[in-house]
Amino acid sequence: MSKIFSISKPLDMHLHLRDNDMLNLVGPLTSNTFCGAIIMPNLVPPVTTKEAVVAYKNRIKQACGNDTFEPYMTLFFQNYSREFLEDVKDEITAIKLYPAGITTNSETGVSSMDIETLRPTLQAMSDLGIILCIHGETNGFVMDREAEFMPIYESIASNFPNLKIIMEHITTKSAVEMLDKYPNLYATITLHHLLITLDDVVGGMLKPHLFCKPIAKRYEDRAALLNVALGANPKVCFGSDSAPHPKNKKESCGCAAGVFTAPIALQVLTELFEKHNCLDNLQKFVSDNAINIYGINPPSKTITLEKADFKVPSSYKNDTETVVPMYANEVIKWSLVN
Ligand code: DOR
Ligand code: ZN
């Protein structure tokens, strides 16, 4: 008998589902294992109105068919009025702030992180209990971008002590250290940043499917991330940042940033936590911590995995889209039990 492991209400607190044919292809690859996910708003154009949030949520539900799956919606950060936020509040879980131009489809993001410019919107969010998710990178040297952003996290966290702030997809020891400094700072951690360093991306043959933003960092950074994830530190939770791009946009001169992990995320997390003798903590990292941090009540769903080899497909495709998953053509050690 192979080893069996079950997870209740798995949640992915940072997910890109895109739209149209890509959404129809990748949506079910998350909704068949996760019971809910925070949906990123960096569509073209970005999600900035109540109508766009509601319509996008409906398209996601349509794409995910009969799966038990709750899309937790976000707006793309702009300077929004208090009246607008009061009106949209019940349709969203968070607002995602991107510095302008920092990553895919973020051109209309925030051009100045000056706290006084952001204050009216952040104060209204704080008063209304809307969570702020941040892509925390400057446009400095690529390996230093996240560390250089730390003073901005500090400034927002101290100016708005009642605002819950999520440092998205943290990749550095400096971000991990920040968690202990401010009670209102939390973080999501991806699967790929727990697994790889910059060496895996560019240290041998260039691996476009591992290229993402923030870029994977040093060994000591990965060790710091593993420490809080495997230990299920209550201030961190899983957010895959699974970010599908068409195969030809990844395997191209000018590779798009993003690692597509949705179809293998839960299985490989299980493998990783088992390898480190921390399987008992996976439930917290992939569900309980998120429920506490975001104050959500996700639908019931239990996913059972067995320790059995699974060969990851070379790609996932429909009539118009092809996307390559992390570990394409490789064998992973855990499989989903249907
Ligand atoms: O690698 C990334 N891909 N990082 C991001 O911040 C955005 C994402 C995307 O949307 O493709
Ligand atoms: Zn993202």
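Computed from a prediction, not measured in an experiment: that's the story for all the values here. We count ligands from 1, going down the list as the structure has it; atoms in each ligand are counted the same way.
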For ligand 1, indicate whether the residue [X] contacts it via side chain, backbone, both or neither (heavy-atom separation under 4.0 Å).
| X | result |
| --- | --- |
| Asn105 | neither |
| His245 | side chain |
| Ala243 | side chain |
| Arg18 | side chain |

So is [X] polar-close to ligand 1, meaning N/O to N/O under 3.5 Å?
| X | value |
| --- | --- |
| Ala257 | yes |
| Tyr98 | no |
| Gly258 | yes |

Query - Winner among His135, Lys213, His169 once heavy atoms are compared against atom 1 (O) of ligand 1 - result: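 Minimum heavy-atom distance to atom 1 (O) of ligand 1 goes to Lys213.
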
Say whether [X] and [Y], considering side chains only, have a donor N or O and an acceptor N or O under 3.5 Å apart.
| X | Y | result |
| --- | --- | --- |
| Ser2 | Glu306 | yes |
| Ser315 | Thr322 | no |
| Ser240 | Asp12 | yes |
| Asp127 | Gln123 | yes |
| Tyr219 | Asp199 | yes |
| Asn20 | Arg59 | no |

Query raised in the report: Identify the closest protein heavy atom to atom 5 (C) of ligand 1: which residue and atom is it, and at what distance?
Result: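 Answer for atom 5 (C) of ligand 1: Thr103 OG1, 3.0 Å.
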
Requested in this report: Run the numbers for me: atoms of ligand 1, each under 4.0 Å from some heavy atom of Cys212, listed by number.
Outcome: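 What qualifies from ligand 1 is 1 (O).
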
Query - Metal check, the Zn ion (ligand 2) vs His169 N/O/S, cut-off below 2.8 Å - result: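 Within the cut-off used here (under 2.8 Å), His169 places no N, O or S atom near the Zn ion (ligand 2).
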
Query raised in the report: So, do Leu29 and Phe260 sit near enough that their side-chain heavy atoms are less than 4.5 Å apart?
Result: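 Yes, at least one pair of side-chain atoms sits under 4.5 Å.
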
Query raised in the report: Checking side-chain hydrogen bond (donor to acceptor under 3.5 Å, both in side chains) against His169, which of Lys213, His14, His135 comes through?
Result: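 Result for side-chain hydrogen bond (donor to acceptor under 3.5 Å, both in side chains) with His169: His135.
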
Query raised in the report: For Asp241, what is the atom name of its N, O or S atom nearest to the Zn ion (ligand 2)?
Result: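 Of all N, O or S atoms belonging to Asp241, OD1 is the one nearest the Zn ion (ligand 2).
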
Report task. Taking the Zn ion (ligand 2) as the reference point, name the nearest N/O/S atom of His14. Result ->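 This residue's closest N, O or S atom turns out to be NE2.
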
Query raised in the report: At their closest point, which heavy atom of Ile102 faces which heavy atom of Glu137, and how far apart are they?
Result: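 The answer is CD1-O, 3.4 Å.
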
